[in-house]
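Step one of this worksheet: look at the structure below.
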Amino acid sequence: MKLTIGGIDRVLEAPEGAVLLDILRQQGLHPDAPCGGKGTCGKCRVLVDGKEALACQTRVDRDMTVLLPRQQGAQILTDARAVSIQPDGTNKYVIAFDLGTTTVVAYLMDGITGQLLSKESCMNPQAQYGADVISRIQYAMDGNASTLSGCIRSALGELTRKAAEKAGISTEEITLGCIVGNTAMHHLLLEIDPQPLTVPPYMPAQSQALCIPSQGILPIHPKGTVRILPNIAGFVGADTVGCLLSTRLDTLEELTLMIDIGTNGEMVLGNKQRRIACSTAAGPAFEGAKIECGMRGAPGAIDHVTCREGKLSFHVIGEGEAVGLCGSGLLDLIAALLEKGEISESGRMESGTVFPIEGTRAYLTQKDVREVQLAKAAIRAGIELLCQAMKVRPEDIHQVLLAGAFGNYLNPGSACAIGMIPPVLQSRIIPIGNAAGEGARLAALNEEEFECSKRLASETEFLELASMPEFNDCYVDCLCFEEESE
Ligand code: FES
């Protein structure tokens, strides 16, 4: 059958009965498919012969003309708070990667001086097989492990080539790479069976730090080495270890909470005496999935909402027309509607089930509010139970370090207003940017830092929330929106 892809003027042959989403993936068109093709997220919508259809639910049964939505790259956070870097000088050029579920960032550095020579980033191409780690793990377990590892390895290769070109060196001059990623990204890159991550006790099949030949993983010097930071537990991976390394949590006197909010909220509470980590399933709501007008932080997304004298005003990424809400905008909007009394403490929308956002095509539904309640309750319950395990109260926490893109862009006032973070901590929140990437840079430049990452992983205790009898009660208690603030 003949498929004409409008917009990019591509005509191709597709076998009859093929699923349209699969064809788009094979063509490298990276369709948005956060639910992995289950037909539940509605984000793979395309126009087939002028009519709206879900690509994952459409079979090619005739010649078709398919029009894809305009694709926009997301804002990718590449910066972090500067930490002092002491290279050991054993490699002339090194490259570090933060391999995220949604985005991938590469940092090419001079191994002698530690200077950052170039920085490249891209969306994780595995997203076309599912936005969240669970759907990707499932896809790998369905016999597609090599597809997933192949597509991320080629993305790492592409970033390496671009970074080297920008820095004016050849890729062969790079002799060492260092990669951090969550446990699922780690397993899917290395083609390690991710099945143990899906069943109790949800432990990684491989936790130890690795130092392996680069061949087949990165297109650097043929005798190059790749360092992979260790994992702590099933959903507390090498990216969290990277954050610990760059924040030096193990050297701090004051009690510190470090949170990296993504589909999972990974958090570590502690200081130089003791550190406890946990992971809580926040779900993909803050990344736009499961939210009717949700989208990534890309042009057209409302990323901030303010409420002045009862009137809402919006900021749109790219300053153009608003087409949806990204995580930080969603949080702000719900906080503003709570303040206006449009949403009750129980989460009920007081004037109907849909709140249209004036002057835009975007809107918020009652179901969206419920999704945010589930996500924020998961994070809050994680914080409360970590405090219990540490035998401290939330108000004893000296500082809250928010790592990652969402943590960087969210408004701390809104995060506290909806009770995701205890309101008493509002003034103690510090966004720290891409701390995981910073950790990868440190471990790339200095072997001692890499050794330190092993110590950090083995000395951090892990709290398995799912097996705690008190988790459910605590989670339910956290579903309501709080009203008091500091
Ligand atoms: S609805 Fe098609 S990928 Fe989610």
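Whatever order the structure lists them in is the order used to number ligands and atoms, beginning at 1. Sequential numbering from 1 along the given sequence is applied to the chain's residues. All heavy atoms count here, side chains included; hydrogens, waters and symmetry mates do not.
Classification of E384 and R380 as a salt-bridged pair holds, one side-chain N sitting under 4.0 Å from a carboxylate O.
At least one donor-acceptor pair closer than 3.5 Å links the side chain of Q206 to the backbone N or O of Q208.
Taking the six-membered ring for Trp and thresholds of 30 and 60 degrees, Y202 and F235 have ring planes inclined between 30 and 60 degrees apart. Using the six-membered ring where Trp is involved, F406 and F286 have ring planes that are parallel, under 30° apart on the 30 and 60° scheme.
To the nearest 0.5 angstrom, N182 atom CG is 8.5 Å from L188 atom CG.
Applying the salt bridge (Lys or Arg N to Asp or Glu O under 4.0 Å) rule to pairs touching residues 354-375 yields E321-R361, sequence neighbours excluded.
Looking only at protein N/O/S atoms, the ones less than 2.8 Å from atom 2 (Fe) of ligand 1 make 2 in total.
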